[in-house]
Student: 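There's a structure below that I have some questions on.
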Amino acid sequence: MRLKEVFTKPKGKIKWVERSPKHYAAEYGVGQDRIFEFIALLGHTTDDMIYPVEDIPLEKVWLIGFAQKRPEYSHRITGRGGAVEVMNKSLAAFKEFAKMAKPEYITFSAKEPSRMKLYNIMVKKLARGLGFEVLTTDSGNYVLKRKGVR
């Protein structure tokens, strides 16, 4: 997977199905029959999700995730192909969310080594482009802080 491909503008729209002060959700298609969801939840973060970062008010941290919703629900790598398109549209949803919600802190995680490797490479570019600084990428936990937040 090439980083340049992941950061290109995706085909198709991100459909926002929820936009509230504490919950954002979007859906997007990949291929003929797969639907993915992007979710952002405010205040659902625990200390272990932002480890080793300390002294962040957990009620101000947005927890971000994406998953295949159909044909079967899965957070894992499905092996069904289209990895570039999945990441591309997930990043597009992430960027739209960051512009709409203007979060102070964002956290997300990766469990699979291949995702950690990809996230480690792309998180710096993503953060810089959205006006965030990276606080940690330790143990597959990623924490971003909007520049200017004290």
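Note that this is a predicted model, so its numbers are computed, not measured.
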Student: Atom CD in E112, atom CG in L118: separation rounded to 0.5 Å?
Tutor: 11.5 Å
Student: Can you find a heavy atom in the side chain of M87 that is under 4.5 Å from one in the side chain of M122?
Tutor: yes
Student: As a quick check of understanding, evaluate side-chain contact (heavy atoms from CB on, under 4.5 Å) for Y24 and E96, giving each step before the final call.
Tutor: CA-CA 10 Å; Y24 280 68; E96 286 182 24; over 6 Å; no
Student: Is there a chain of hydrophobic side chains (I, L, V, M, F, W, Y, each step under 4.5 Å between heavy atoms) that links I39 to M49?
Tutor: no
Student: Would you check, one step at a time, whether the test side-chain contact (heavy atoms from CB on, under 4.5 Å) holds for T137 with M116?
Tutor: CA-CA 9 Å; T137 60; M116 283 184 217; over 6 Å; no
Student: Say whether F94 and F66 are linked into one hydrophobic cluster, either directly or through other cluster members, by side-chain heavy-atom distances under 4.5 angstrom.
Tutor: yes
Student: Please determine whether residues L91 and L63 belong to a single hydrophobic cluster, defined as Ile, Leu, Val, Met, Phe, Trp and Tyr linked transitively by side-chain heavy-atom distances below 4.5 Å.
Tutor: no
Student: To check you understand the geometry: which heavy-atom pair defines the closest contact between D48 and N141, and what is its length?
Tutor: O-ND2, 3.2 Å
Student: Working to the nearest 0.5 angstrom, can you tell me the gap between L42 CG and L58 CG?
Tutor: 10.5 Å
Student: Using 0.5 Å steps for rounding, measure from the CG atom of L135 to the CD1 atom of I50.
Tutor: 9.0 Å
Student: Quick check: does any side chain N or O of K89 sit under 3.5 Å from a backbone N or O of G29, one acting as donor and the other as acceptor?
Tutor: yes
Student: Scan side-chain atoms only and decide if T136 and D138 contain a donor-acceptor pair under the 3.5 Å cut-off.
Tutor: no
Student: Would you give the length of the straight line joining atom CZ of R115 to atom OG of S109, rounded to the nearest 0.5 angstrom?
Tutor: 9.5 Å
Student: Quick one: do S90 and Y28 satisfy side chain to side chain donor-acceptor pair (under 3.5 Å)? Show the steps, please.
Tutor: CA-CA 8 Å; S90 299; Y28 41 94; 2.7 Å; yes
Student: Tell me whether K102 contacts the main-chain N or O of K99 through its side chain, where contact means a donor paired with an acceptor under 3.5 Å.
Tutor: yes
Student: In the structure I gave you, are the side-chain heavy atoms of I35 and Q68 within less than 4.5 Å of one another anywhere?
Tutor: no
Student: Minimum heavy-atom separation for K147 to E133, with atom names?
Tutor: CG-N, 4.2 Å
Student: For the pair R146 (side chain) and P103 (backbone), establish whether a donor and an acceptor sit closer than 3.5 Å, ignoring hydrogens and angles.
Tutor: yes
Student: Check whether more than 12 heavy atoms from other residues, nucleotides or ligands sit under 6.0 Å from atom NE2 of H23, and answer yes or no.
Tutor: yes
Student: Output the distance between atom CD1 (I14) and atom CD (E37), rounded to the nearest 0.5 Å.
Tutor: 12.5 Å
Student: Under a 4.5 Å cut-off applied to non-hydrogen side-chain atoms, are V143 and Y51 in contact?
Tutor: no
Student: Mind telling me whether Y119 and Y142 have parallel, tilted or perpendicular rings, with 30° and 60° as the class edges?
Tutor: perpendicular
Student: Kindly indicate whether the side chain of V61, heavy atoms from C-beta on, has any atom under 4.5 Å from the side chain of I106.
Tutor: no
Student: Are W62 and F97 close enough that their ring centers fall under 6.0 Å?
Tutor: yes
Student: Could you check if a side-chain atom of R34 sits within less than 4.5 angstrom of a side-chain atom of P71, using non-hydrogen atoms only?
Tutor: yes
Student: Under the ring-ring contact (aromatic ring centres under 6.0 Å, His included) definition, can you give me all pairs with a residue in residues 121-141, not counting sequence neighbours?
Tutor: none
Student: Side-chain heavy atoms nearer than 4.5 Å, only ILVMFWY residues, links allowed to pass through others: does that put V149 and V123 together?
Tutor: no
Student: Just verifying a value: how many Å separate L41 CG and E18 CD, rounded to the nearest 0.5 Å?
Tutor: 10.0 Å
Student: Got more than 12 heavy atoms from elsewhere within 6.0 Å of NZ, K13?
Tutor: no
Student: Let me check something: do F108 and V134 share a hydrophobic cluster, defined by ILVMFWY side-chain heavy atoms less than 4.5 Å apart, either directly or through other members?
Tutor: yes
Student: Ion pair present between K69 and E27, side-chain N to carboxylate O less than 4.0 angstrom?
Tutor: yes
Student: Please give me the minimum heavy-atom distance between F38 and A40, naming the atom from each residue.
Tutor: CE2-CB, 4.1 Å
